[in-house]
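Below is one structure, written out as structure tokens; comments come after it.
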Amino acid sequence: MQGRNALVYAAVQRIPRGRVATYGQIAQMVGLGGLARQVGYALNALPARTAVPWHRVINARGQISLRRVIGAEIEQRIRLEAEGVRFNAAGRVSLADFGWVAGQAQVRRRGRRRPSRGSR
DNA sequence: GCAATGACGCTCT
DNA sequence: CAGAGCGCCATTG
């Protein structure tokens, strides 16, 4: 356990309830640049029972990243839906609607605010 | 110490 | 929009 991991966990805990963040977002937040993979690796080292809301972290596609254990994917989705996060038919989350923007505690999301990036 | 693997992301097709 | 390829770095055998 390095201080880097603790930094990642701290950033994840800052994610508001009912909102999700991407691995790359967390990576940039803790100063890892675009090393999203290391964020995922750090979360992988997380104990089974933890106060860190790891389920609020998804990939840039707005989809839940599968782990070695299949059941985890379902658990993550259930926990997110319990917080109000909605999944579309493809099983993906609209980052434009539920994506957490640092510094923006509450987003009103009146229509699409950031069409530049698209949902690609 | 080298090689393979992985909770990812971006770009091209 | 979906799939495939390449790159990034830490952990593990």
Side-chain angles (χ1 to χ4, degrees):
Chain A
M1 261 294 211
Q2 268 77 338
R4 185 179 78 285
N5 279 25
L7 215 58
V8 172
Y9 302 150
V12 173
Q13 288 185 4
R14 285 173 51 194
I15 304 174
R17 189 171 164 284
R19 208 152 296 262
V20 296
T22 66
Y23 294 95
Q25 198 175 343
I26 300 297
Q28 188 140 72
M29 206 174 295
V30 300
L32 280 176
L35 307 181
R37 215 163 238 242
Q38 303 327 110
V39 174
Y41 205 93
L43 291 180
N44 184 41
L46 218 53
R49 267 176 280 133
T50 174
V52 180
W54 54 270
H55 57 278
R56 290 177 194 154
V57 184
I58 58 179
N59 58 28
R61 292 176 179 176
Q63 194 158 34
I64 295 176
S65 290
L66 266 45
R67 214 167 41 167
R68 309 205 297 203
V69 184
I70 304 297
E73 174 206 352
I74 302 177
E75 181 184 343
Q76 184 168 7
R77 174 166 178 164
I78 292 177
R79 290 184 76 163
L80 285 177
E81 287 183 323
E83 296 183 353
V85 177
R86 299 215 248 160
F87 288 75
N88 61 19
R92 288 171 15 191
V93 179
S94 219
L95 290 178
D97 292 340
F98 299 101
W100 174 50
V101 181
Q104 213 171 8
Q106 309 246 352
V107 183
R108 271 164 221 275
R109 68 176 186 283
R110 296 204 162 178
R112 294 176 277 303
R113 303 180 115 286
R114 318 180 326 219
S116 51
R117 198 48 168 207
S119 319
R120 202 174 190 208

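Each chain gets a letter, A, B and so on, in the order the sequences are listed, and its residues count up from 1.
Within 4.0 Å (heavy atoms only), Gly34(A) reaches no atom of the nucleic acid at all.
Atom CD1 in Ile26(A) sits roughly 20 Å away from atom P in dC9(C) (whole-Å rounding). With rounding to whole Å, Leu43(A) atom CG is found 14 Å from dT11(C) atom P. Distance CG (Leu46(A)) to C1' (dA7(B)): 10 Å, rounded to an integer number of Å. One interatomic measurement links the two molecules: CD of Gln38(A) to C1' of dA10(C), which rounds to 5 Å at whole-angstrom precision. In this structure, the CG atom of Leu32(A) is 13 Å from the P atom of dG9(B), given to the nearest Å. Between the CG atom of Asn59(A) and the P atom of dC8(C) there is a distance of 21 Å, given to the nearest Å. If you measure from atom OH of Tyr23(A) to atom C1' of dC9(C), you get 17 Å, rounded to the nearest angstrom. Computed from coordinates, the Asn5(A) CG to dA10(C) C1' distance equals 10 Å when rounded to whole Å.
Using modelled atom types, no side-chain atom of Tyr9(A) and backbone atom of Ala51(A) make a donor-acceptor pair closer than 3.5 Å. Under a 3.5 Å cut-off, the side chain of Asn5(A) and the backbone N or O of Val8(A) do not form any donor-acceptor pair. When atom types are taken as modelled, the side chain of Arg92(A) and the backbone of Gln63(A) share no donor-acceptor pair closer than 3.5 angstrom.
Residue-to-nucleotide proximity on DNA chain C shows that, of Ala90(A) and Tyr41(A), the 5′-proximal contact is made by Ala90(A).
For the pair Arg86(A) and Phe98(A), the cation does not sit on the ring face, since its NZ or CZ is not both under 6.0 Å from the ring centre and inside 45° of the axis.
Considering only side-chain atoms of Thr22(A), the nucleotide from dA7(B), dG9(B), dA10(C) that sits closest is dG9(B). Here the side chain of Leu35(A) is nearest to one of dG6(B), dA7(B), dC9(C), namely dC9(C). Distances were taken from every side-chain heavy atom of Asn44(A) (C-beta onward) to each of dC10(B), dA7(B), dT12(C); the shortest belongs to dA7(B). Nearest to the side chain of Arg61(A), among dA10(C), dA4(C), dC8(C), sits dA4(C). The side chain of Arg4(A) approaches dA10(C) more closely than any other nucleotide in the set dG9(B), dA10(C), dA7(B).
Remark: Arg92(A) is in phosphate contact with dA2(C), judged by side-chain N or O atoms under 4.0 Å from OP1 or OP2.
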So Gln25(A) and Met29(A), side chain to side chain contact (heavy atoms under 4.5 Å, CB included) or not? Walk me through it. CA-CA 6 Å; Gln25(A) 198 175 343; Met29(A) 206 174 295; 4.2 Å; yes
